[in-house]
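Just follow the structure's listing: the first ligand is 1, and inside any ligand the first atom is 1.
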Amino acid sequence: MQAGNLGRSSDIGPYAPTPIVLHPQATAPEDEFANQGGAPLPISTVRVLHVVNGEHFAGAERVQSHLGRCLPRYSVQADFACVKPGLFAKTLADHGGAWGGCYRTEMKNRFDVRAAWKIRQLARRNHYDLLHAHTPRTAMIASLASRLTGLPWIYHVHSPAARDSSKPLTNHLNAAVEKLSLRGCNHLITVSESLRLDCIRRGCREEDVSVVHNGVPAICPERTRTPMVGGRWVLGMVALMRPRKGLEVALEAVAKLRDRHDVRLRIIGPFETEAYKESIEDLIAQLQITGLIERVGFTENVPAELAKLDAMVLPSLYGEGLPMVVLEAMAAGLPVVATRVEGTPEAVTDGAQGLLAEPGDAESLAGKLDELISGVHDWQQMSNAAIERHGEAFSDIAMASRTADVYRKVLANTIPTIR
Ligand SMILES: CC(=O)N[C@H]1[C@@H](OP(=O)(O)OP(=O)(O)OC[C@H]2O[C@@H](n3ccc(=O)[nH]c3=O)[C@H](O)[C@@H]2O)O[C@H](CO)[C@@H](O)[C@@H]1O
Ligand SMILES: O=P([O-])([O-])O[C@@H]1[C@@H](O)[C@H](O)[C@@H](O)[C@H](O)[C@@H]1O
């Protein structure tokens, strides 16, 4: 079957190897894989095909689009094969190839391995050097495509498959598929140190796993006001709303705060299912907080929404890697009130760039919000600390630079086998 093409002609030949220097950015990180010599060396272009789901435009897809946009600085050209083409595939196409080319390699069902053959065709035609998968489903396809092509492949761990959703059966299946697929994997990238340790606990060798912390651009939109003790506080939760994000806990916390403070909660993002949306509407009615809740829905301009908030709330229950919305809020100078889940404490230290509550505990979340709103912490100081922490550790440029270094390390250690 011929793979379709959304963003760029599938007939494109190899990219002209544009020699540029490694780490041209002053802000690029020091890295264990970087060229240790004096002057930076010109390097040849690496071509990577990301094998992605592509149905949503949520965290993993943000990572992918930032990589597609930033990797060319490091002489890496990234394209995308979508096995569930949806909003992400459409967005890539809308950008006309600026974030990388997009190919439709649909799977008709979870075990439709014909996608691996489509990827083999793409890899041959467009001379990719390596494959990069992002979900258990795409790990399965990339691992098969790697066998068919002889290309090395990398797996990007965004969340722990065994506790990624509220569906135990799906989690179990995904964890099993991931484990089997990883047998032939050349290297793992985890988005947080907590996920790196999780992989090692599950049997991966330390030398096969690298942490590349997620990163986002330094977008800090102008604010028109600074919140004040005794004034109105506009809180916002930004997410693809699904049970594991803990929106219920945020609503319960707002209900607890309503008598003491003038608070509003903006729900920014789409709901994964209509049924979940209805259950949330029922809870809002039951808690009698309808007037305090503003429903924004999906927005393409998250920074503009962040500029309207006084704090970003993310009450995740479990299963996070390193949430992009936490990093986006920090870049925007917004204090983050989140939960101690997986990688989140790697970005936010309680009392510094934001506050950390216990997951699933509305009392704990309300207590942390109360601290911020009552002025126990200086809002401006937290805002400055958030911007600073983003700049030093979580930029999109740093993420792309480190990812490019992993690619080169893997390619340097792989004996090419052309099939
Ligand atoms: C199920 C899964 O795989 N989850 C992972 C996914 O994040 P997950 O999708 O759960 O959530 P994130 O907070 O990381 O990302 C949400 C993204 O959606 C964007 N957004 C949200 C609402 C909206 O209206 N418009 C909009 O564009 C946000 O700006 C953000 O970039 O990748 C993250 C990054 O590796 C990991 O930490 C998560 O564990
Ligand atoms: O591939 P699949 O199992 O159908 O489903 C996917 C999850 O594995 C992935 O973690 C998530 O980010 C996607 O939104 C999607 O839900």
Visitor: What's the spacing between I219 CD1 and D396 CG if we round to 0.5 Å?
Guide: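 Between I219 CD1 and D396 CG, I get 8.0 Å after rounding to 0.5 Å.
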Visitor: Any chance you could lay out the side-chain hydrogen bond (donor to acceptor under 3.5 Å, both in side chains) test for T138 and T135, step after step, and finish with the verdict?
Guide: CA-CA 5 Å; T138 56; T135 54; 2.8 Å; yes
Visitor: Would a line drawn from the ring center of H132 to the ring center of Y155 be shorter than 6.0 Å?
Guide: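 Not under 6.0 Å, so no.
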Visitor: Nearest to atom 16 (C) of ligand 1, what protein heavy atom do you find, and at what distance?
Guide: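 I find the closest protein heavy atom is G59 N, 3.4 Å.
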Visitor: Return the residue, atom name and 0.1 Å-rounded distance of the protein heavy atom closest to atom 10 (O) of ligand 1.
Guide: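 That would be K245 NZ, 2.9 Å.
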Visitor: Please list, in number order, the atoms of ligand 1 under 4.0 Å from a heavy atom of V302.
Guide: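 In order of numbering, the contacting atoms are 20 (N), 25 (N), 26 (C), 27 (O), 29 (O).
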Visitor: Would you sort out whether H187 and S210 count as a side-chain hydrogen bond (donor to acceptor under 3.5 Å, both in side chains), showing the intermediate values?
Guide: CA-CA 8 Å; H187 202 78; S210 301; 2.7 Å; yes
Visitor: Should you measure from each heavy atom of N214, which atoms of ligand 1 turn up under 4.0 Å away?
Guide: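 Ligand 1 atoms under the 4.0 Å threshold to N214: 34 (C), 35 (O).
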Visitor: CD1 of I293 to CG of L265: how many Å apart, nearest 0.5 Å?
Guide: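 With rounding to 0.5 Å, CD1 (I293) is 4.5 Å from CG (L265).
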Visitor: Can a non-hydrogen atom of L240 be found less than 4.0 Å from any atom of ligand 1?
Guide: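 The answer is no: ligand 1 sits nowhere under 4.0 Å from a heavy atom of L240.
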Visitor: Does ligand 1 have any atom that is closer than 4.0 Å to a heavy atom of G319?
Guide: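 Contact present.
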Visitor: May I have the step-by-step check of side-chain hydrogen bond (donor to acceptor under 3.5 Å, both in side chains) for H56 and E61, ending in yes or no?
Guide: CA-CA 7 Å; H56 306 299; E61 294 77 13; over 6 Å; no
Visitor: With rounding to the nearest 0.5 angstrom, report the OG1 to CH2 distance, T91 to W99.
Guide: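 Between T91 OG1 and W99 CH2, I get 6.5 Å after rounding to 0.5 Å.
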Visitor: So, taking the atom named CG in L122 and the one named CG in D79, what distance separates them when rounded to the nearest 0.5 Å?
Guide: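 It comes to 9.0 Å.
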Visitor: Does ligand 1 come near enough to A58 that some N or O of the ligand is less than 3.5 Å from an N or O of the residue?
Guide: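 Min N/O separation from ligand 1 is not below 3.5 Å for A58.
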Visitor: Should you measure from each heavy atom of G321, which atoms of ligand 1 turn up under 4.0 Å away?
Guide: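 This gives 36 (C), 37 (O), 38 (C), 39 (O) as the contact atoms.
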Visitor: Answer with side chain, backbone, both or neither: which part of E61 has a heavy atom less than 4.0 angstrom from an atom of ligand 1?
Guide: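 Within the 4.0 Å criterion, E61 makes no contact with ligand 1.
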Visitor: Applying side chain to side chain donor-acceptor pair (under 3.5 Å), name anything that partners S374, two or more places apart in sequence or on another chain.
Guide: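 By the side chain to side chain donor-acceptor pair (under 3.5 Å) rule, S374 matches D370.
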Visitor: At a non-hydrogen distance cut-off of under 4.0 Å, which region of V238 contacts ligand 1 (side chain, backbone, both, or neither)?
Guide: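 It is the side chain that touches ligand 1; the backbone stays farther off.
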Visitor: Taking a cutoff of less than 4.0 Å between a non-hydrogen atom of the residue and any ligand atom, is E342 in contact with ligand 1?
Guide: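 Judged by the 4.0 Å heavy-atom criterion, E342 does not count as contacting ligand 1.
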Visitor: Using heavy-atom distances, let me know which of R62, H56, H156, E328 sits nearest atom 27 (O) of ligand 1.
Guide: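 Considering heavy atoms of R62, H56, H156, E328, the nearest to atom 27 (O) of ligand 1 sits in R62.
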Visitor: Tell me whether R244 reaches ligand 1 (any heavy atom closer than 4.0 angstrom to a ligand atom).
Guide: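 It does, in that a heavy atom of R244 comes within the 4.0 Å cut-off of ligand 1.
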Visitor: Do me a favour and list the nearest non-hydrogen protein atom to atom 14 (O) of ligand 1 with residue, atom name and distance?
Guide: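 Minimum-distance protein heavy atom for atom 14 (O) of ligand 1 reads M324 N, 2.7 Å.
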Visitor: For atom 36 (C) of ligand 1, which protein heavy atom lies nearest, and how many Å away is it?
Guide: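 Going by distance alone, atom 36 (C) of ligand 1 is nearest to H158 O, 3.2 Å.
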Visitor: Checking side-chain contact (heavy atoms from CB on, under 4.5 Å) between Y103 and each of V51, I119, N126, which is the one that passes?
Guide: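 In the set V51, I119, N126, the residue that makes a side-chain contact (heavy atoms from CB on, under 4.5 Å) with Y103 is N126.
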Visitor: Give the minimum heavy-atom separation between V212 and M399, together with the two atoms involved.
Guide: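 Nearest heavy atoms, V212 then M399: CG1-O, 3.6 Å.
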Visitor: Distance-only criterion, 3.5 Å: show the donor-acceptor pairs between side-chain atoms of residues 324-334 and protein atoms not counting sequence neighbours.
Guide:
none

Visitor: Specify whether H134 and H50 have parallel, tilted or perpendicular ring planes, treating 30° as the upper limit for parallel and 60° as the lower limit for perpendicular.
Guide: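 The rings of H134 and H50 lie parallel, inter-plane angle below 30°.
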Visitor: The criterion is ring-ring contact (aromatic ring centres under 6.0 Å, His included); which residues satisfy it with Y318, sequence neighbours excluded?
Guide: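 With neighbours one apart ignored, the set is empty.
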Visitor: Which residue holds the protein heavy atom closest to atom 37 (O) of ligand 1, what is that atom called, and what is the gap in Å?
Guide: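 Answer, as residue, atom name and distance: L322 N, 2.8 Å.
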Visitor: Evaluate the criterion side-chain hydrogen bond (donor to acceptor under 3.5 Å, both in side chains) for residue pair N384 and R389; output intermediate values, then yes/no.
Guide: CA-CA 9 Å; N384 296 345; R389 180 90 181 108; over 6 Å; no
Visitor: What heavy-atom pair brings P152 and L411 nearest, and what distance separates the two atoms?
Guide: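 Shortest heavy-atom contact: CG-CD2, 4.0 Å.
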Visitor: Distances under 3.5 Å, N/O of ligand 2 against N/O of the protein: list each pair and its distance.
Guide:
{"from": "ligand 2", "atom 1": "1 (O)", "to": "N53", "atom 2": "ND2", "distance (Å)": "2.9"}
{"from": "ligand 2", "atom 1": "1 (O)", "to": "R137", "atom 2": "NE", "distance (Å)": "2.9"}
{"from": "ligand 2", "atom 1": "3 (O)", "to": "R110", "atom 2": "NH1", "distance (Å)": "3.0"}
{"from": "ligand 2", "atom 1": "3 (O)", "to": "R110", "atom 2": "NH2", "distance (Å)": "3.1"}
{"from": "ligand 2", "atom 1": "3 (O)", "to": "N174", "atom 2": "ND2", "distance (Å)": "3.3"}
{"from": "ligand 2", "atom 1": "4 (O)", "to": "K84", "atom 2": "NZ", "distance (Å)": "2.8"}
{"from": "ligand 2", "atom 1": "4 (O)", "to": "R110", "atom 2": "NH2", "distance (Å)": "3.3"}
{"from": "ligand 2", "atom 1": "4 (O)", "to": "R137", "atom 2": "NE", "distance (Å)": "3.4"}
{"from": "ligand 2", "atom 1": "4 (O)", "to": "R137", "atom 2": "NH2", "distance (Å)": "2.9"}
{"from": "ligand 2", "atom 1": "10 (O)", "to": "D164", "atom 2": "OD2", "distance (Å)": "2.8"}
{"from": "ligand 2", "atom 1": "14 (O)", "to": "H56", "atom 2": "NE2", "distance (Å)": "3.2"}

Visitor: Looking at G269, which atoms of ligand 1 are within less than 4.0 Å of one of its heavy atoms?
Guide: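 Heavy-atom distances to G269 below 4.0 Å select 22 (C), 23 (C), 24 (O).
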Visitor: Identify the closest protein heavy atom to atom 3 (O) of ligand 1: which residue and atom is it, and at what distance?
Guide: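 The closest one turns out to be S159 OG, 3.4 Å.
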Visitor: As an exercise, state the distance from CG of L317 to NZ of K245, rounded to the nearest 0.5 Å.
Guide: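 Atom-to-atom, L317:CG and K245:NZ are 10.0 Å apart.
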Visitor: Test of understanding: given a 4.0 Å heavy-atom threshold, classify the contact between V296 and ligand 1 as side chain, backbone, both, or neither.
Guide: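 Contact part for V296 vs ligand 1: neither.
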Visitor: Roughly how far, to the nearest 0.5 Å, is the NE2 atom of H390 from the SG atom of C220?
Guide: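 NE2 of H390 is found 10.0 Å from SG of C220.
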Visitor: Counting each atom of ligand 1 from 1 as listed, which ones have a heavy atom of G297 under 4.0 Å away?
Guide: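 In order of number, 24 (O).
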Visitor: With heavy atoms only and a cut-off of under 4.0 Å, state how T299 meets ligand 1: side chain, backbone, both or neither.
Guide: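 Answer for T299: both.
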Visitor: Please identify which atoms of ligand 1 are closer than 4.0 Å to at least one heavy atom of A60.
Guide: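 Here the atoms of ligand 1 in question are 6 (C), 32 (O).
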Visitor: Looking at F57, which atoms of ligand 1 are within less than 4.0 Å of one of its heavy atoms?
Guide: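 This gives 18 (O) as the contact atoms.
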Visitor: Could you tell me which atoms of ligand 1, counted from 1 in the order shown, lie closer than 4.0 angstrom to a heavy atom of P323?
Guide: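 In order of numbering, the contacting atoms are 13 (O), 14 (O), 37 (O).
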